[in-house]
Amino acid sequence: MTPPTIGVLALQGDTAEHRDVLDGLGARTAKVLAPEHLEAVDALVVPGGESTTMGKLAVRYGLVEPLRARIAAGMPVLGTCAGMIMLSDRVLGGAADQTTVGGIDMTVRRNAFGRQSDSFETAVRLDGIGEDPFDAVFIRAPWVESVGTAVTVLGRLPAEEGPGRIVAVRQGGLMATSFHPELTGDARVHRLFVDIAKGLS
Amino acid sequence: MVNNASSTADNAVGTQRVKRGMAEQLKNGVIMDVVTPEQARIAEDAGAVAVMALERVPADIRKDGGVARMSDPDMIDGITSAVSIPVMAKARIGHFVEAQVLESLGVDFVDESEVLTPADEAHHIDKWAFTVPFVCGATNLGEALRRIAEGAAMIRSKGEAGTGNVVEATRHMRSLVSDIKRLGTLDAAELFGAAKELRAPHDLVAEVARAGRLPVPLFSAGGVATPADAALMRQLGAESVFVGSGIFKSGDPAKRADAIVQATLHYEDPSVIARVSRGLGDAMVGINVDELPEAERYAGRGW
């Protein structure tokens, strides 16, 4: 079987870091900037960056409808931070004209933890990547306020009482994290996604 | 290295990873100087990834002369509440109290900037002492590594801000990139000599030699006035650009802002740069750098 080609949406943000992690896992990667690039990939990563900027550029380059069509047709997508916002069906705290692609039945709150001074790192336990907690970096990050029944929660922030905030989810081939798995050198989240792209998970 | 990372419960804020990670998120985006909430909204609408809030753009700082300082907190608050993208603000070189004030205002990034009048002739700010990340200017690799050693999470070229003339930024980018390449050709013994020449910590010099890049994002700033200028900086190795006076000192700021965003993204595609360069109206007039008296040159500020 030919290994899947995983595109990285390169409208803005830390695309190079995602490609480095995926290259390290032996995946083939490609830059996606236009609808025709999308046709050449089997799966897609939507990186971190500024979701408002990314949304505006996606509209300008005619990528929103082709992305929605590919997602509807089952293309696996991993969205991190801004990418999580792009994959969410509903956004709170966004710009008035915030554009998302949608696909995951969830409500996400943008900049939920505050400004950059409130950005942080912490260890999070995630389903599907083994026992060891993942060192997660949250930068002006969103959190998930609520999810529909089709969505599996993969991880929550540790909390003093009750369930912590949802920070990682999966719905079929779509996966999203509030944090930046591309920044820590731990490839387990990407490995899970590559397995999803190969149809192994 | 020592830093100000502090923990509440199990959450660590202000760590090197959190600061550098913020800088990584701004890559491939354009950071625009704005002086009013209205300009900030124009910048956000055009697809700016962040705005730099200041009272006067560099072109006006040059014209007005006198001591240039941190902006009025009211002015920064006005811009912060006008947009949802990150807001940066400038502190004078070495003026750590201005930086403390900016951090307390909740700005997302502090630019320790030579565009303002330096407050300390020997020391830059100890940036490890802050939770907020810093960007600093550099004209060459030694300067960049000294700033990183002090805790900068992003480096930008200095250029000659407020001139609309990209020649200095080109010089800085070429110098930085060629010095980085040269380090990759040196053996372990030679790297000790290079660290001495560069007046930079050996561990950082060795890290750059190994990775072939700075450990933090490298942006370009200073004199970028056209889409082609932005693309030039990117082709020279900048991961993105700051645009100061170039947008709001031009004939049609909204259109020019949009054009520079597109050229920054499609910097390798001349047909896109050509398309967005059409009918932009007047660019800022610009100043020839070699006609500037030494005292009015910003790039030489900082050490």
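In the text below, chain A, chain B and the rest are named by the order of the sequence lines, each starting its count at 1.
- Taking the charged nitrogens against the carboxylate oxygens, A/Glu17 and B/Lys27 do have a contact shorter than 4.0 Å, which makes a salt bridge.
- Using non-hydrogen atoms only and a strict 4.5 Å limit, no part of residues 227-243 of chain B faces chain A.
- In the displayed structure, A/Phe134 atom CZ is contacted under 6.0 Å by more than 12 heavy atoms of other residues, nucleotides or ligands.
- When each of B/Asp258, B/Val87, B/Thr80, B/Leu26 is checked for heavy-atom pairs under 4.5 Å with chain A, B/Asp258 comes out on top.
- Neither the backbone nor the side chain of A/Leu157 comes within contact range of chain B; no heavy atom of the residue lies under 4.5 Å from a heavy atom of that chain.
- In this structure the side chain of B/Val13 never reaches within 4.5 angstrom of the side chain of A/Ser117, judged on heavy atoms.
- Within the 4.5 angstrom heavy-atom criterion, no atom of B/Ala50 approaches chain A.
- The part of B/Ala48 that comes within reach of chain A is its backbone (N, CA, C, O), which places non-hydrogen atoms under 4.5 angstrom from that chain.
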**Request:** Take A/Lys56 and B/Asp45 through the test side-chain contact (heavy atoms from CB on, under 4.5 Å) and record every step on the way to the result.
**Result:** CA-CA 8 Å; A/Lys56 283 173 203 300; B/Asp45 284 346; 3.9 Å; yes

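- The residue among B/Val107, B/Ile85, B/Val132, B/Thr264 with the most heavy atom pairs within less than 4.5 Å of chain A is B/Ile85.
- The CZ atom of A/Phe120 sits 13.0 Å away from the CZ atom of B/Arg17 when rounded to the nearest 0.5 Å.
- The stretch residues 183-190 of chain A places A/Leu183, A/Thr184 near chain B, each with some heavy atom under 4.5 Å from a heavy atom of that chain.
- Here the side chains of A/Asp118 and B/Thr131 are not in contact, with every heavy-atom distance at 4.5 Å or above.
- Under the 3.5 Å distance criterion, the side-chain polar atoms of A/Asp14 are left unmatched by any main-chain donor or acceptor of B/Glu24.
- Side-chain contact check for B/Leu265 versus A/Gln12: every heavy-atom pair is 4.5 Å or farther apart.
- A donor-acceptor pair under 3.5 Å is absent between the side-chain atoms of B/Asn11 and the main chain of A/Thr122, judged by distance alone.
- Taking chain B as the reference chain and counting heavy-atom pairs below 4.5 Å, the highest number among A/Gln98, A/Glu121, A/Glu50 is found for A/Glu121.
- With a threshold of 4.5 angstrom between heavy atoms, A/Ala10 approaches chain B through N, CA, C or O but not through any side-chain atom.
- When atom types are taken as modelled, the side chain of B/Gln25 and the backbone of A/Gly49 share a donor-acceptor pair closer than 3.5 angstrom.
- Using modelled atom types, no side-chain atom of A/Ser119 and backbone atom of B/Val18 make a donor-acceptor pair closer than 3.5 Å.
- With hydrogens and angles ignored, the 3.5 Å screen pairs a side-chain donor or acceptor of A/Arg115 with a backbone N or O of B/Gly106.
- Ranked by heavy-atom pairs shorter than 4.5 Å toward chain B, the options A/Thr15, A/Leu57, A/Leu11, A/Asn111 are led by A/Leu11.
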